[in-house]
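Worksheet: one structure, shown below.
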Amino acid sequence: MEILDGKKISNQIKEEIAVEVAQMKERGEKVPHLAAVLVGNDGASLTYVGSKVRSCKKIGFESTLIHLPEDTTEDALLKQVAELNANPDIDGYIVQLPLPKHIDEEKVLLAVDPNKDVDGFHPTNFGKMALDMESFIPATPFGIMELLRRYDVDTSGKHAVVIGRSHIVGRPISILMSQKGKAADATVTLTHSRTKDLKSITLQADIVVSALGVPNFLKADMVKDGVVVIDVGITRVPDETKEKGYYITGDVDFENVSKKASYITPVPGGVGPMTIAMLLKNTLLARERHKTKEA
Ligand code: GUN
């Protein structure tokens with residue numbers, strides 16, 4: 001069994017980006033600038049956004065955090081989005097999800113300029129991705145693909161079973177793995193809450209991508225020997241013995257599933273850090289695409 005070490009690979013990617021940024025600076029060029037909009041004070045979102053901003057600083061990007069109060073109106077948020085679209089200094093930005101219930105998420109995501117949509121959530125980018133066109137690929141599935149590529153995991157003709165049909169992970173990873181190319185060319189089954197007899201399907205899987213958010217969901221008796229397991233779940237489980245008052249766990253019973261797996265991602269230290277690295281990669285791509293347009 002080999003661990004797919006997302007922390008190590010994400011550090012490699014961040015170093016590669018840092019080298020490119022240093023070269024941009026040497027040439028006297030503008031460096032990439034990422035902005036993040038956070039509405040409210042959800043604990044996990046604060047952690048993610050903080051981590052994204054810190055990573056920007058480390059690799060030499062400019063970053064801006066726009067932290068708005070929980071009671072921000074939909075109109076006020078749309079105005080903020082319009083300002084970011086119009087600001088030529090911002091190469092890319094994200095609106096951290098989930099948004100408070102009184103705000104229509106779809107309306108906000110539609111308002112983001114697709115050329116600055118480094119999350120790849122706008123229908124223009126999602127549609128282009130599905131059609132094999134150049135786009136921004138959502139960071140989490142992009143990170144999974146990159147992890148599989150860098151470990152040379154053979155996916156061609158393999159049966160990949162995805163658990164969960166979210167717009168952020170399950171749906172896009174099912175599209176990406178079915179496309180042509182490295183870490184792809186798989187035969188994909190997308191499963192969800194209405195899937196009948198899930199275990200009979202996961203038992204046929206050469207690769208399982210679990211993006212459910214239910215701790216300990218994928219157990220050893222649900223997978224075959226040699227399976228490749230990608231655990232996208234990140235759940236905070238309350239635990240007073242821990243300094244933070246919780247610990248982080250994935251969807252997979254790691255201790256037992258890892259005994260049968262050929263490759264497996266840990267939680268933490270697997271897909272999570274890759275998501276941040278690929279958001280930075282998308283921001284670098286955004287800068288390069290804007291530069292081409294400016295020229
Ligand atoms: N919430 C959970 N994952 C993500 C992500 O990748 N991007 C944004 N904007 N919000 C999220």
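Just follow the structure's listing: the first ligand is 1, and inside any ligand the first atom is 1. Atoms considered below: every heavy atom in the structure, side chains included; atoms not considered: hydrogens, waters and symmetry mates.
Screening Lys101, Lys79, Lys107 for a salt bridge (Lys or Arg N to Asp or Glu O under 4.0 Å) involving Glu74 leaves a single residue, Lys107. The only option from Leu34, Ile94, Ile90, Ile17 that meets the side chain to side chain contact (heavy atoms under 4.5 Å, CB included) definition with Thr283 turns out to be Leu34.
A salt bridge between Glu134 and Arg289 is present, with a side-chain N of the basic residue lying under 4.0 Å from a carboxylate O of the acidic one. The existence of a salt bridge linking Lys224 and Asp206 is confirmed by a sub-4.0 Å separation between a basic side-chain nitrogen and an acidic carboxylate oxygen.
The two atoms that bring Val161 and Ala205 nearest to each other are CG2-CB, 3.5 Å, heavy atoms only.
Listed by chain and residue number, the protein contacts of ligand 1 are Lys52, Val95, Gln96, Leu97, Asp119, Phe121 (heavy atom within 4.0 angstrom).
Using a 4.5 Å cut-off between side-chain heavy atoms of Ile, Leu, Val, Met, Phe, Trp and Tyr, with links allowed through other members, Val208 and Met145 fall into different hydrophobic clusters.
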